[in-house]
Participant: 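The following block contains the structure, expressed as structure tokens.
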Amino acid sequence: MEDVEKSLNFIEHIIEDDLKNGYSNDELRFRFPPEPNGYLHIGHASSICLNFGLGLRYGAPVNLRFDDTNPAKEEKEYVDAIKRDVDWLGYNWKSERYASDYFQQLYDWAEELIVKGKAYVDSQTSEEIAEQKGTPTEPGTESPYRHRSVEENLTLFRGMKNGDFKEGEHVLRAKIDMESSNMLMRDPVMYRILHKPHHRTNTDWCIYPMYDWTHGESDYIEQVSHSLCTLEFLPHRELYNWFLDQLVSEDKLRPKQREFARRNLSHTVVSKRKLLRLVEENVVTGWDDPRMPTISGMRRKGYTPESIRNFAETIGIAKRENVVDVSLLDFHVRDHLNKIAPRVMAVLNPLKVVITNYPEDGEEWLDAENNPEDQSSGFRKVPFSRELYIEQEDFREQANRKFFRLKLGGEVRLKNGYIIKAESCTKDEDGNVIEVQCSYDTKSKSGSGTEESLRKVKGTLHWVSIKHAIQAEVRLYDRLFVDATPDAHKDQDFMEFVNPDSLEKVTGFMEPSLKDAKIGDRFQFQRLGYFNVDLDSKPEALVFNRTVTLRDTWAKLEQSC
RNA sequence: UGGCCUAUGGUGUAAUUGGCAACACUACUGGUUUUGGUCCAGUCAUUCUAGGUUCGAGUCCUAGUAGGCCAACCA
């Protein structure tokens, strides 16, 4: 009765089948295996939610494993950033692992393969090896070193390990099938010489295992039951299984690799190379710029972990090409923020309003509801006085009846305050309205219970008392790209689609309750959107980011007005 | 010229494995509302094509078509 039977995705179907056919629930184990060579982005978030979500669903442990087999690209800084991001998303890993933990075991197994005649040292250049690899339509040819003796292979491999050779002099290759229709089975490289210090093993090793020789074996060591990766690894599965065949013992669980389609977000690029260009060419301010699709960027922008998890859950997982519309992410961000974000009033594009029949030095503190979605959030006080700011867009000298805002001779309610009527306005020499003179209905105060206070007027505006307002920098973000698939155009560089107006900085005027806002605090600026306090913010100089606008039916309607 | 994967509304996923194509988002209607927000109700599909099997096909068979992946000492 409680929850409607949720339909399973294809990965869950596989697991359910395995459970029916002999796997026990406590054999289930997953892992999230990033290479620590960059920052995590929304695509990784989807994979994190898949693996950790499965862990939660089946009560199974999930390891965080760093695939750190290439010291040329990897750094501790990224390890730390990745841990912080996964943690922020709200997931707990059972155990923190590193492929580098397994270097010795991997090496020992490699010697075993040599002894069994399943691996050999090749002494050709990488160009020669590539040449012999053939093409997808033509078979490869065998290396002249393919039939070295076990003794010679062992001697050479140990020499490689001991640092007797320069980079590129030798590699260790698996001896499989140079004519396989799967290029990866044509004697793949297992080890290469790299005289580079590793962020964890330092100079202990100068040979490093390749991905294919490392990943499945690491899964095996950790007894991962289902090793999930993206579709481009599908051809690797045959090799994954071949390596496992060489060393799996009967009494241990044999990991399975299964592949799913990576999620693509519209109006976004995620490749490290492209994000780096955005950073280097100063299109954004850094990897955590709120416009970046990195987890750190989304965190800074004010997205909540819950909204990202809900998003990942909603889009699901499958095997076909996809481009998820970014509006779905926006929906989940709004959906969660609507429930948790306190409402406040802030004016970003001020127009002065003078209440001519309000006392010159008058001031009163009105009750304002913090969140109509959350009764427990209570009320706060908001100051009212004779001179206020409203948004410029909220006043027109004249307008048709679809304009539910302030116009000359018309009435409108000030949120939490009084009903006012626009009597006149003054303009500068260019004809721009710079001030509106209004009268207020003295008995119409919100919540006072008077007949006047219950009057219905079409339109409620947010506002702020000028003399009480605090000023703050507000950063208004828009999509970084104007095209849905910026990097899918053959003849155009993705940089051509950068939105020139993705950031606008304004000075906002806010109700004084915001004075003590702390970095990361989230608010709804009523009628405008959700905002949070940026990292750059200081107590005396607050900085807000617009996380996402409110849904705006009026903006669409406006053209027709 | 080879091998492998995929195809369901504008978008992303479902369909008890052969039994009324469902859910969410978007868009559009209307209602409620002291946020043009939220909330509520409604509208939007020849399941890539053509044949076939069947009482019955998104699902099975055959032949096409389209898209993707594979030739790093990257992961």
Side-chain angles (χ1 to χ4, degrees), chain A residues 4-9 13 33-35 37 67-70 72-74 122 125-126 129-131 133-140 167-168 170-173 180-184 186 188-194 208 210-212 214-215 229 231-238 259 261 263 266 311 313-332 334-335 338-339 343 345 369 372-373 402-405 412-417 419 446-447 453-462 484 524-529 549-558:
Chain A
V4 185
E5 193 77 14
K6 197 194 140 261
S7 58
L8 305 181
N9 63 45
H13 279 297
E35 182 189 14
N37 70 339
D67 238 328
D68 56 349
T69 57
N70 186 355
K73 292 180 165 184
E74 297 150 6
D122 197 337
T125 64
S126 61
I129 291 175
E131 188 101 4
K133 204 130 206 179
T135 70
T137 55
E138 302 162 69
E167 289 187 12
H170 305 285
V171 290
L172 184 73
R173 289 227 259 169
S180 171
S181 60
N182 183 348
M183 300 285 295
L184 287 155
R186 322 237 263 226
V189 173
M190 294 171 67
Y191 277 93
R192 78 286 213 187
I193 299 168
L194 245 31
Y208 291 92
M210 301 289 289
Y211 165 84
D212 287 297
T214 307
H215 203 93
C229 58
L231 234 35
E232 67 267 28
F233 288 93
L234 203 155
H236 293 249
R237 185 150 121 195
E238 191 180 0
E259 311 80 14
R263 321 309 315 198
S266 77
F311 170 69
E313 177 69 21
T314 306
I315 61 183
I317 210 75
K319 295 177 80 167
R320 56 172 158 160
E321 298 296 311
N322 61 83
V323 181
V324 183
D325 200 294
V326 72
S327 65
L328 184 58
L329 214 204
D330 289 344
F331 164 80
H332 283 287
R334 289 188 188 110
D335 190 47
N338 176 49
K339 298 187 182 87
R343 273 59 169 170
M345 292 197 288
E369 191 176 22
E373 303 295 315
K402 277 186 174 174
F403 186 78
F404 306 158
R405 305 179 180 196
V412 86
R413 174 169 291 280
L414 293 177
K415 180 80 183 171
N416 307 311
I419 292 172
S446 292
S453 73
L454 299 173
R455 275 172 59 207
K456 300 284 177 203
V457 291
K458 201 68 183 165
T460 301
L461 307 185
H462 63 279
Q524 184 195 93
F525 289 0
Q526 281 183 113
R527 300 210 305 137
L528 295 176
T549 61
L550 254 30
R551 263 185 90 232
D552 192 354
T553 321
W554 165 246
K556 292 161 199 153
L557 235 152
E558 202 178 357

Participant: Test of understanding: with side chain to side chain donor-acceptor pair (under 3.5 Å), list the residues that count as partners of A:S180, not counting sequence neighbours.
Facilitator: none
Participant: Once the angle between the rings of A:Y211 and A:F233 is folded into 0 to 90°, is it parallel (under 30°), tilted (30 to 60°) or perpendicular (over 60°)?
Facilitator: tilted
Participant: Map A:R263 and A:T137 onto RNA chain B by nearest heavy atom, then report which one ends up closer to the 5' terminus.
Facilitator: A:T137
Participant: Between B:rA41 and B:rA24, how many Å separate the two P atoms, rounded to a whole number?
Facilitator: 10 Å
Participant: Carefully, step by step, assess A:F404 and A:V457 under the rule side chain to side chain contact (heavy atoms under 4.5 Å, CB included).
Facilitator: CA-CA 9 Å; A:F404 306 158; A:V457 291; over 6 Å; no
Participant: Send over the distance from A:K458 NZ to B:rU33 P, rounded to a whole Å.
Facilitator: 9 Å
Participant: What is the distance from CD of A:E138 to C1' of B:rU1, rounded to the nearest Å?
Facilitator: 9 Å
Participant: Salt bridge or not between A:R237 and A:E259? Use side-chain N to carboxylate O under 4.0 Å.
Facilitator: yes
Participant: How far apart are the closest heavy atoms of A:R263 and A:A318, and which atoms are they?
Facilitator: NH1-N, 3.5 Å
Participant: With rounding to the closest Å, how many angstrom separate the C1' atoms on B:rG56 and B:rA71?
Facilitator: 48 Å
Participant: Are side-chain heavy atoms of A:L461 and A:K415 found at a separation under 4.5 Å?
Facilitator: no
Participant: Just so I know, are the side chains of A:V412 and A:T460 near enough to count as touching, which here means a heavy-atom distance under 4.5 Å?
Facilitator: no
Participant: Nearest whole Å is fine: how far is B:rU34 P from A:I419 CD1?
Facilitator: 11 Å
Participant: For a quick check, with a 4.0 angstrom heavy-atom cut-off, what is the B/S/- contact string for nucleotides 68-75 of chain B, read 5' to 3'?
Facilitator: SSSB-BBB
Participant: Within the 4.5 Å heavy-atom criterion, are A:H215 and A:P33 side-chain neighbours or not?
Facilitator: yes
Participant: Is it true that a side-chain atom of A:D552 and a backbone atom of A:A555 form a donor plus acceptor pair closer than 3.5 Å?
Facilitator: yes
Participant: For A:K415, which contact category applies under a 4.0 Å heavy-atom criterion: base, sugar-phosphate, or nothing?
Facilitator: base
Participant: For atom C1', what is the distance between B:rG58 and B:rG18, given to the nearest Å?
Facilitator: 11 Å
Participant: Determine the Euclidean distance between corresponding C1' atoms of B:rG3 and B:rC73; express it in Å to zero decimal places.
Facilitator: 25 Å
Participant: Atom CG of A:L329 and atom P of B:rG12: how far apart are they, to the nearest Å?
Facilitator: 15 Å
Participant: Closer than 3.5 angstrom, by distance alone: can the side chain of A:S266 be matched with the main-chain N or O of A:V326 as a donor-acceptor pair?
Facilitator: yes
Participant: For residues A:Q524 and A:L550, determine if any side-chain heavy atom of one lies less than 4.5 Å from a side-chain heavy atom of the other.
Facilitator: yes
Participant: For the pair made of CD in A:E259 and P in B:rC4, what is the distance, rounded to whole Å?
Facilitator: 15 Å
Participant: Between protein and nucleotides 36-38 of chain B, what N or O pairs are separated by less than 3.5 Å?
Facilitator:
from, atom 1, to, atom 2, distance (Å)
B:rG36, OP1, A:R527, NE, 3.4
B:rG36, OP1, A:R527, NH1, 2.8
B:rG36, O2', A:W554, N, 3.4
B:rG36, N7, A:R405, NE, 3.1
B:rG36, N7, A:R405, NH2, 2.9
B:rG36, O6, A:F404, N, 2.9
B:rG36, O6, A:R405, NE, 3.4
B:rG36, N1, A:K402, O, 2.8
B:rG36, N2, A:K402, O, 3.4
B:rG37, OP1, A:T553, OG1, 2.6
B:rG37, N2, A:E373, OE2, 3.1
B:rU38, OP2, A:R551, NH1, 3.0
B:rU38, O2', A:N338, ND2, 3.3
B:rU38, O2', A:E373, OE1, 3.2
B:rU38, O2', A:E373, OE2, 3.1

Participant: Do A:E238 and A:N182 have side-chain N/O donor and acceptor atoms under 3.5 Å apart?
Facilitator: yes
Participant: Please state the P separation for the pair B:rC44 and B:rU32 - nearest whole angstrom.
Facilitator: 24 Å
Participant: Count the heavy atoms belonging to other residues, nucleotides or ligands that lie under 6.0 Å from CD of A:E131, then report whether that count exceeds 12.
Facilitator: no
Participant: Expressed as a whole number of Å, how far does the P atom of B:rU34 sit from that of B:rG42?
Facilitator: 24 Å
Participant: Given atom CG of A:D325 and atom P of B:rG10, what is their separation to the nearest angstrom?
Facilitator: 14 Å
Participant: Each nucleotide in nucleotides 17-25 of chain B should get exactly one letter: B, S or -. Can you fill that in based on protein heavy atoms under 4.0 Å?
Facilitator: B-------S
Participant: Quick one: label A:G447 by what it contacts on the DNA or RNA (base, sugar-phosphate, nothing), any heavy atom closer than 4.0 Å.
Facilitator: base
Participant: Just by distance, with hydrogens left out, do A:S126 and A:R192 show a side-chain donor and acceptor under 3.5 Å apart?
Facilitator: no
Participant: Work out how far the C1' atom of B:rU49 is from that of B:rA7, and round it to whole angstrom.
Facilitator: 12 Å
Participant: Can B:rU17 be described as syn, meaning its chi torsion is within 90° of 0, or is it anti?
Facilitator: syn
Participant: Kindly write out the residues that satisfy ring-ring contact (aromatic ring centres under 6.0 Å, His included) with A:H170, not counting sequence neighbours, or none if the list is empty.
Facilitator: A:F165
Participant: Measuring only the P atom in each nucleotide, how far is B:rC25 from B:rA57? A whole number of Å is fine.
Facilitator: 32 Å
Participant: Toss me the dot-bracket line for RNA chain B: Watson-Crick and G-U wobble, both under 3.5 Å, 5' to 3', using | for pairs to another strand and [ ] for crossers.
Facilitator: .((((((..((((.....[..)))).(((((.......)))))....(((((..]....))))))))))).....
Participant: Just checking A:N9: base, sugar-phosphate only, or nothing, at a heavy-atom cut-off of under 4.0 Å?
Facilitator: sugar-phosphate
Participant: Please work out if A:V457 contacts a base, only the sugar-phosphate, or nothing of the nucleic acid, heavy-atom cut-off 4.0 Å.
Facilitator: nothing
